[in-house]
There are 2 protein chains.
Amino acid sequence: MTATIKDVAKKAGVSLSTVSLVLNNKTNLSPETINKVKQAISDLNYHPRHSARGLASKKSGNIGFILTDDHFSRAEPFYTKIFLGSEFEARNYNYYILLTTIEQNFCKKSIPRFLLEKNVDGVILAGHIPDGLINFLSNNYNIPVVYIDYLPPKGKSFAILIDNVDGAKLAVEHLLEKGHRDIAFVCGEISHPSMQSRFLGYKQALKNADIPLREELVVTDELATSDESGHNATCKLLKTGIHFSAIFAGNDAMAIGCMKCLKKKQISVPDQIAIVGFDDVDIANQIDPKLTTMRVDKEEMGAIAIKNLVEMITKEKRNFGKVLVPVELVTRNST
Amino acid sequence: MTATIKDVAKKAGVSLSTVSLVLNNKTNLSPETINKVKQAISDLNYHPRHSARGLASKKSGNIGFILTDDHFSRAEPFYTKIFLGSEFEARNYNYYILLTTIEQNFCKKSIPRFLLEKNVDGVILAGHIPDGLINFLSNNYNIPVVYIDYLPPKGKSFAILIDNVDGAKLAVEHLLEKGHRDIAFVCGEISHPSMQSRFLGYKQALKNADIPLREELVVTDELATSDESGHNATCKLLKTGIHFSAIFAGNDAMAIGCMKCLKKKQISVPDQIAIVGFDDVDIANQIDPKLTTMRVDKEEMGAIAIKNLVEMITKEKRNFGKVLVPVELVTRNST
DNA sequence: GTGAAAGCGCTAACAG
DNA sequence: CTGTTAGCGCTTTCAC
């Protein structure tokens, strides 16, 4: 049988509850008592049993992580990395993460089991989450919730978001520093909050540099944010005949599409036209020329979520607001 | 307070232990008793508390899922889908899955916490797993283990594997049916068991069709199994001047590389040369022409793992051997 | 500071 | 087939 708290108490020559107090670092015990106990714990290779703790403390020691299945199995492992960051951070706080996916068209039947069984002390919701689940949570549960990369349409919430505005500004400022003045912006799905923010950052950077916004250098009417739409947008720009020496693309996929178009037309990147993307997807570093882009620390986003969630759980308080995770310029060969 | 087993017993007018028996469908209770209890359970929206069960039964109700971090965050969401299949199946058996990643260079410090805390009833190991962890598990634990897409180098084990031999046979048979006789095989990293099996399947299919194996149509000396190595291998084949009307590539990445090379040389696919890949990665369906390839049901692999693991856990027995998951031909435009 | 004792909600004997 | 009972390992009052 593996060691129990009783064994530790016996070995350390203290009472059972003293060990418990050490375990949960409650009250000020004498340092020597603490040391004795800690010694016994490591001697016996003791690990408190999750279920026993859970039963006695009415806390599960688990954190739920929910995202939609399509988000999770996308080729770009964006959410995977966020999860990894969470899982890693959760180890420090001795929480387990229960990961589950839901379908985009949410129905009562698909409520995560750990919610029904009240087996999580808090929940992380990553990416676009159906309203049905959000409402279900807020109506039936009082556990803390942290959103990642998604801001629920209404109500108070706590969200970890990418600083798209600032990131876009940095991207454009990089181009400005390289001496570019005629900088095009190419984007699709402009109704998406991220894209709007990036567009805003583009405009702000130009304004700060006293460069007027020229509508003819802006293409935002592509439907998607894909490779293909980047290609199309670039073709459109070239057809106008208007001069530009750089493109800031709404994301890497589009930036790659831009490069493909330019390659076809024998326009050299970065000599004739420089390109900056956004996201730093894995292939950004594999294409030729390698794409200069904006990187977000996904693992960090997951870690921040855990830190905040644990704080809310243990202090029984609720945080509200947004945390904007900074974006970093990754300079490569396309600029 | 949420309902407990006591409330259910009271509501159903039976004893506490009767409810427990229903919950664990032990012994043959009278159908009407069962119904009464089930009614009470749903009336009260009762869910047994995981921790209480765990404490009393000495089972955690959890299954550990371990893979290396690089496997998990690969662009191709192969293991992600396997995990999803596991998670989905685990719901049916009321298990939670604890997902964690380890580093390829395993050290004692990185032993998953749920192992140290003995908080899983069984473990799934997906993809290449460092020997250190395998040894640690077999030396210190007696919980059932299921491997997915990896066969540990030594010792008895239970593994869910892709039926690469049969899959490759099917691929080549498809080409044979289309009338091809001169079928090239293009592959890299031939020391990898999967690639060896696919090569074997290629040879078997030819043999069954009474077509002699022609070494000059086989390229297995590429180092990687990437896009680029597919490209190189195809160039090599073309340079020899030997006629062939079809290529079976070791995987989709290589197949795509083959297509790129052929495109450059203005050789039309599938009119002049047909191509079959293996894996059915997401982009296989997005390139032009769309790639005919072999698909493996990743979710199914995860589900099979869970089914077997649960059986081993509940029946306290150990299964050994291999389960080969069938591969399916996905016919698209490259053949 | 530390120790004793009472549960947390459930399972698993056992006796009826 | 049903009810009683004794824990599982821990937290948490409450005395000391």
Side-chain angles (χ1 to χ4, degrees), chain A residues 1-38 40-41 44-62 94-96 116-119 121 313-314 316, chain B residues 1-38 40-41 44-62 94-96 116-119 121 313-314 316:
Chain A
M1 207 41 224
T2 45
T4 73
I5 198 171
K6 227 169 171 173
D7 303 319
V8 176
K10 204 177 289 168
K11 177 112 186 178
V14 299
S15 92
L16 200 150
S17 56
T18 308
V19 178
S20 177
L21 290 175
V22 173
L23 246 34
N24 302 284
N25 42 36
K26 296 269 180 73
T27 64
N28 307 339
L29 303 180
S30 74
E32 58 174 325
T33 312
I34 294 181
N35 275 333
K36 268 194 300 186
V37 173
K38 290 205 163 162
I41 287 177
L44 294 168
N45 190 27
Y46 165 74
H47 293 276
R49 300 200 109 250
H50 226 68
S51 24
R53 286 188 116 162
L55 187 53
S57 68
K58 306 225 165 205
K59 302 240 169 203
S60 65
N62 298 326
N94 259 282
Y95 278 88
Y96 287 138
L116 294 175
E117 300 180 351
K118 305 219 189 306
N119 236 305
D121 303 334
I313 292 168
T314 51
E316 289 187 21
Chain B
M1 206 44 223
T2 45
T4 74
I5 197 171
K6 228 170 172 173
D7 303 319
V8 176
K10 204 177 291 170
K11 177 113 184 177
V14 299
S15 91
L16 201 150
S17 58
T18 306
V19 178
S20 177
L21 290 174
V22 173
L23 246 34
N24 302 285
N25 40 38
K26 297 269 179 70
T27 64
N28 308 338
L29 302 179
S30 76
E32 58 174 325
T33 310
I34 294 181
N35 275 333
K36 266 195 302 186
V37 173
K38 291 205 163 164
I41 288 177
L44 294 168
N45 189 29
Y46 165 76
H47 293 276
R49 299 202 109 248
H50 226 68
S51 24
R53 286 187 117 163
L55 188 54
S57 66
K58 305 222 168 210
K59 303 241 168 200
S60 66
N62 298 326
N94 259 281
Y95 277 89
Y96 288 138
L116 294 175
E117 301 180 350
K118 305 219 187 307
N119 235 305
D121 302 334
I313 293 169
T314 52
E316 288 188 21

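Side chains included, hydrogens not; waters and symmetry mates left out as well; all remaining heavy atoms used.
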Peer 1: At a cut-off of 3.5 Å, list every protein nitrogen or oxygen paired with a nitrogen or oxygen from nucleotides 12-16 of chain C, distance to 0.1 Å.
Peer 2:
from	atom 1	to	atom 2	distance (Å)
dA12(C)	OP2	K26(B)	NZ	3.1

Peer 1: Heavy atoms only: give me the nearest L116(B)-H47(A) pair and the separation to one decimal.
Peer 2: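 In terms of heavy atoms, the two residues are closest at O-CD2, 3.5 Å.
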Peer 1: Taking K59(B)'s backbone N and O only, do any of them form a donor-acceptor pair with D121(B)'s side chain (distance below 3.5 Å, no angle check)?
Peer 2: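 It does not hold such a pair.
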Peer 1: Strictly below 4.0 Å: does K6(A) bring a side-chain N or O up to OP1 or OP2 of dC10(D)?
Peer 2: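 For dC10(D), OP1/OP2 do not have a side-chain N/O of K6(A) under 4.0 Å.
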Peer 1: Counting only side-chain heavy atoms from C-beta out, which of dG3(D), dT2(C), dC10(C) sits nearest to S15(A)?
Peer 2: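 For the S15(A) side chain, the nearest candidate turns out to be dT2(C).
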Peer 1: Can you check the L21(A) CG to dT2(C) C1' distance for me, whole Å?
Peer 2: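 Between C1' of dT2(C) and CG of L21(A): 9 Å.
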Peer 1: If you find the nucleotide of DNA chain C closest to Y46(B) and the one closest to T33(A), which residue's nucleotide is nearer the 5' end?
Peer 2: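 It is T33(A) whose nearest nucleotide is closer to the 5' end.
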Peer 1: Where do R53(A) and N24(A) land on the side chain to side chain contact (heavy atoms under 4.5 Å, CB included) test, with the steps shown first?
Peer 2: CA-CA 11 Å; R53(A) 286 188 116 162; N24(A) 302 284; 2.9 Å; yes
Peer 1: Calculate the interatomic distance between H47(A) atom NE2 and dC10(D) atom C1'; express it in whole Å.
Peer 2: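 These atoms are roughly 16 Å apart.
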Peer 1: Whole Å only: how far is the NE2 atom of H50(B) from the P atom of dG9(C)?
Peer 2: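 Between P of dG9(C) and NE2 of H50(B): 16 Å.
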Peer 1: Separation of I5(B) atom CD1 from dG3(D) atom C1', in whole Å?
Peer 2: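 One finds 13 Å between C1' of dG3(D) and CD1 of I5(B), rounded.
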Peer 1: Return no unless some side-chain N or O of K58(A) is found under 4.0 Å from OP1 or OP2 of dG9(C).
Peer 2: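 For dG9(C), OP1 or OP2 has a side-chain N or O of K58(A) closer than 4.0 Å.
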Peer 1: Do I41(A) and L23(A) have side-chain heavy atoms sitting under 4.5 Å apart?
Peer 2: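 When only atoms from C-beta onward are counted, L23(A) and I41(A) do touch, with a gap below 4.5 Å.
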Peer 1: Grab the CD-P distance between E117(A) and dG9(C) for me, whole Å please.
Peer 2: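 Whole-Å distance recorded here is 15 Å.
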Peer 1: If you pin S30(B) and P48(A) to their nearest nucleotides in DNA chain D, which one's is more 5'?
Peer 2: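 Its nucleotide being nearer the 5' end, the pick is S30(B).
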Peer 1: So which heavy atom on H50(A) is nearest to which on N94(A), and how close?
Peer 2: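 Reported closest heavy-atom pair: CE1-O, 3.9 Å.
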Peer 1: So N119(A) and Y96(B), do their side chains get closer than 4.5 Å, heavy atoms only?
Peer 2: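 Yes, close enough: below the 4.5 Å cut-off.
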Peer 1: Looking at T4(A) and Y46(A), what are the two nearest heavy atoms and their distance?
Peer 2: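 Shortest heavy-atom contact: C-CE1, 3.5 Å.
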Peer 1: Does R53(A) have a side-chain nitrogen or oxygen under 4.0 Å from the phosphate oxygens OP1 or OP2 of dT11(D)?
Peer 2: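 So the side-chain polar atoms of R53(A) do come within 4.0 Å of the phosphate oxygens OP1 or OP2 of dT11(D), strictly under.
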Peer 1: In whole angstrom, what separates E32(B)'s CD from dC1(D)'s C1'?
Peer 2: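 After rounding, the gap between these two atoms is 11 Å.
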Peer 1: Write down the atom of V14(B), the atom of V37(B), and the distance for their closest heavy-atom approach.
Peer 2: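 What the structure gives for the nearest pair is CG2-CG2, 4.0 Å.
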Peer 1: Looking only at heavy atoms, which two atoms of Y95(B) and N62(B) are closest? And how far apart?
Peer 2: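 Closest heavy-atom pair between Y95(B) and N62(B): CD2-N, 3.9 Å.
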Peer 1: Considering the terminal five base pairs at each end of the helix from dG1(C)-dC16(D) to dG16(C)-dC1(D), what angle separates the two local helix axes, rounded to 10°?
Peer 2: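 Angle reported: 30°, given to the nearest ten degrees.
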Peer 1: Report the distance from atom CG of L55(A) to atom C1' of dT12(D), rounded to the nearest whole Å.
Peer 2: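 The answer, rounded to whole Å, is 13 Å.
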Peer 1: Contact class for S51(B) (heavy atom, under 4.0 Å): base, sugar-phosphate, or nothing?
Peer 2: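 Answer is nothing: S51(B) stays at 4.0 Å or more from every strand.
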Peer 1: Please state how far atom CG in L23(A) lies from atom P in dC10(D), giving the value in whole angstrom units.
Peer 2: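 It is 8 Å, rounded to the nearest whole Å.
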Peer 1: Quick one: list whatever passes side chain to side chain contact (heavy atoms under 4.5 Å, CB included) with S17(A), sequence neighbours left out.
Peer 2: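 For S17(A) the side chain to side chain contact (heavy atoms under 4.5 Å, CB included) partners, ignoring immediate neighbours, are S15(A).
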